[in-house]
Amino acid sequence: MGTVGDAVAATATIKEQNGNNSADKKPTVIFVLGGPGSGKGTQCANIVKFFGYTHLSAGDLLRAEIKSGSENGTMIQNMIKEGKIVPSEVTIKLLQKAMQESGNDKFLIDGFPRNEENRAAFEAVTKTEPEFVLFFDCPEEEMERRLLGRNQGREDDNIDTIRKRFKVFLESSLPVVEYYNAKGKVRKIDAGKPVEEVFEAVKSIFTPKDEKVKHRLCYLLGIQGTVVKSECRTWYTENTD
Ligand SMILES: Nc1ncnc2c1ncn2[C@@H]1O[C@H](COP(=O)(O)OP(=O)(O)OP(=O)(O)O)[C@@H](O)[C@H]1O
Ligand SMILES: Nc1ccn([C@@H]2O[C@H](COP(=O)(O)O)[C@@H](O)[C@H]2O)c(=O)n1
Ligand SMILES: [Mg+2]
């Protein structure tokens, strides 16, 4: 398992390769975490449509790296088959490249950071803290059912690797969620529900408070026949700064 020492070494290597980018404007980053099969990719696709973020899945980037025939391909493939976490240096380089190429400045980084080494190296290299962490909380039996039914030809969607991935999630990834929770940055979603219901909860996290007020007011004004104007005023006073 990677240590904080490894993370510092990875940071030094990436800095050497990238030069000093400290003058660059920092992007908005949201980390999307949750167990394997909790629905991170599914919900990120919805968030992209509604809120204009660029979705970067660390797992997808690693799988694309294998397909590209890169020198790291075999190592990455073996790690994924075993449900292990690829060294941060490799994953962060892929993330940084994808961020630069996107032309966007708002990112959903899905499935990263997966362990303490990922977290420390990303912050050290990019000097970027996430705006918040969207955490999909889902029972293990439900995640197992979803992964076994996913049918996308993923080499790690078999029961042996799934069990290894669950273990890594509990031992290495949950502590990262706890780290951000202690900083008040975690927005937890009950991800065991149907896709549409989960997205309703996600939307309310991404929708600014004044937008929520506007939507509610429009709703109340739309049914004015049954809801009197004074009730609208009371609601508005109670729900605005
Ligand atoms: N809320 C849901 N209810 C039922 N099925 C779902 C739900 N969300 C996603 N799924 C399905 O579960 C499977 C896994 O979803 P998804 O790929 O989004 O998970 P993930 O968290 O990205 O998983 P991984 O970490 O393995 O990449 C997919 O087949 C998807 O269609
Ligand atoms: N930060 C990460 C993210 C993923 N991996 C490896 O990829 C596998 C699949 O990831 P998904 O998010 O697509 O489920 C994962 O099990 C790891 O082997 C990684 O190393 N580091
Ligand atoms: Mg995914």
Side-chain angles (χ1 to χ4, degrees), residues 1-18 21-22 26-41 43-44 55-63 65 72 75-99 107-138 140 143 147 156 161-189 191:
M1 188 186 299
T3 62
V4 175
D6 293 337
V8 173
T11 306
T13 313
I14 294 166
K15 272 185 179 162
E16 267 169 37
Q17 287 161 349
N18 289 351
N21 290 333
S22 57
K26 287 211 181 78
T28 299
V29 165
I30 291 165
F31 289 147
V32 182
L33 300 179
S38 58
K40 301 179 295 295
Q43 295 300 329
C44 282
H55 172 211
L56 300 177
S57 154
D60 287 351
L61 290 170
L62 291 167
R63 282 183 286 274
E65 188 68 358
N72 284 322
M75 177 274 288
I76 298 172
Q77 189 166 25
N78 290 334
M79 301 290 271
I80 289 182
K81 260 193 222 152
E82 288 303 309
K84 291 185 180 159
I85 310 295
V86 172
S88 302
E89 182 191 336
V90 173
T91 316
I92 292 173
K93 261 197 332 204
L94 294 173
L95 284 170
Q96 284 194 304
K97 184 163 175 278
M99 288 167 87
F107 300 95
L108 299 167
I109 301 194
D110 159 3
F112 184 98
R114 248 347 198 263
N115 62 10
E116 174 57 17
E117 187 217 2
N118 274 183
R119 185 200 67 71
F122 185 85
E123 287 189 11
V125 170
T126 64
K127 307 271 182 292
T128 304
E129 277 248 347
E131 196 81 0
F132 59 85
V133 174
L134 192 59
F135 172 52
F136 291 108
D137 188 27
C138 191
E140 200 169 286
M143 296 196 286
L147 292 174
D156 54 350
T161 312
I162 288 170
R163 295 218 165 108
K164 290 177 183 165
R165 290 157 73 197
F166 284 159
K167 189 165 185 287
V168 168
F169 171 67
L170 292 177
E171 290 176 358
S172 303
S173 310
L174 267 185
V176 175
V177 177
E178 279 152 19
Y179 169 90
Y180 286 116
N181 197 35
K183 296 182 134 203
K185 289 206 166 196
V186 173
R187 309 288 179 268
K188 183 162 127 177
I189 303 274

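Only this structure's heavy atoms are used, side chains among them; waters, hydrogens and symmetry mates stay out. As the structure is a computational prediction, the values presented were derived from the model and not from experiment.
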- In short, P130 meets Y180 closest at the heavy-atom pair CG-CE2, 3.7 Å

- Task: Supply the atom-to-atom distance C138 SG to M143 CE, rounded to the nearest 0.5 angstrom.
- Result: 5.5 Å

- Message: How long is the straight-line distance from CD1 of I85 back to CD of E171, given to the nearest 0.5 Å?
- Response: 11.0 Å

- Query: Taking the side chain from K40 and the backbone from F136, do they hold a donor-acceptor pair closer than 3.5 Å?
  - Reply: no

- Residues forming a salt bridge (Lys or Arg N to Asp or Glu O under 4.0 Å) with E131, sequence neighbours excluded: none

- Message: Please find the pair of heavy atoms, one from Q96 and one from T126, that lie closest to each other, and give the distance.
- Response: NE2-CG2, 3.8 Å

- Spacing of K93 atom NZ and E65 atom CD [to the nearest 0.5 Å]: 8.5 Å

- Message: Show me the pairs that pass side-chain hydrogen bond (donor to acceptor under 3.5 Å, both in side chains) and involve residues 75-87, at least two apart or across chains.
- Response: Q77-E155, E82-K164

- Sort out for me which residue in F135, F107, F122 forms a ring pair (Phe, Tyr, Trp, His ring centres under 6.0 Å) with F31. F122

- Item | Residues R187, I30; criterion side chain to side chain contact (heavy atoms under 4.5 Å, CB included); working and verdict | CA-CA 11 Å; R187 309 288 179 268; I30 291 165; over 6 Å; no

- Are M75 and V90 close enough, and set up right, to give a side chain to side chain contact (heavy atoms under 4.5 Å, CB included), and what steps lead you there? CA-CA 11 Å; M75 177 274 288; V90 173; 4.0 Å; yes

- Task: List the atom of N115, the atom of V176, and the distance in Å for their closest heavy-atom pair.
- Result: C-CG2, 3.4 Å

- salt bridge (Lys or Arg N to Asp or Glu O under 4.0 Å) test vs E129 passes for just one of R119, K26, K185, namely K185

- Item | Contact check, side chains of V29 and M99, non-hydrogen atoms, under 4.5 Å | yes

- Message: For D156 versus I162, what's the shortest heavy-atom pair and its separation?
- Response: O-CG1, 3.7 Å

- To the nearest 0.5 Å, tell me how far I189 CD1 sits from S38 OG. 11.0 Å

- Message: For L33 versus P113, what's the shortest heavy-atom pair and its separation?
- Response: CD2-O, 3.6 Å

- Can you measure from CG (L94) to OG (S57) and round to the nearest 0.5 angstrom? 11.0 Å

- Query: Considering all heavy atoms of both residues, which atom of V186 and which atom of N181 are nearest to each other, and what is their separation?
  - Reply: CG2-N, 3.3 Å

- Evaluate side chain to side chain contact (heavy atoms under 4.5 Å, CB included) for L61 paired with T91, printing each intermediate quantity in order. CA-CA 8 Å; L61 290 170; T91 316; over 6 Å; no

- Item | All salt bridge (Lys or Arg N to Asp or Glu O under 4.0 Å) counterparts of R114, not counting sequence neighbours | none

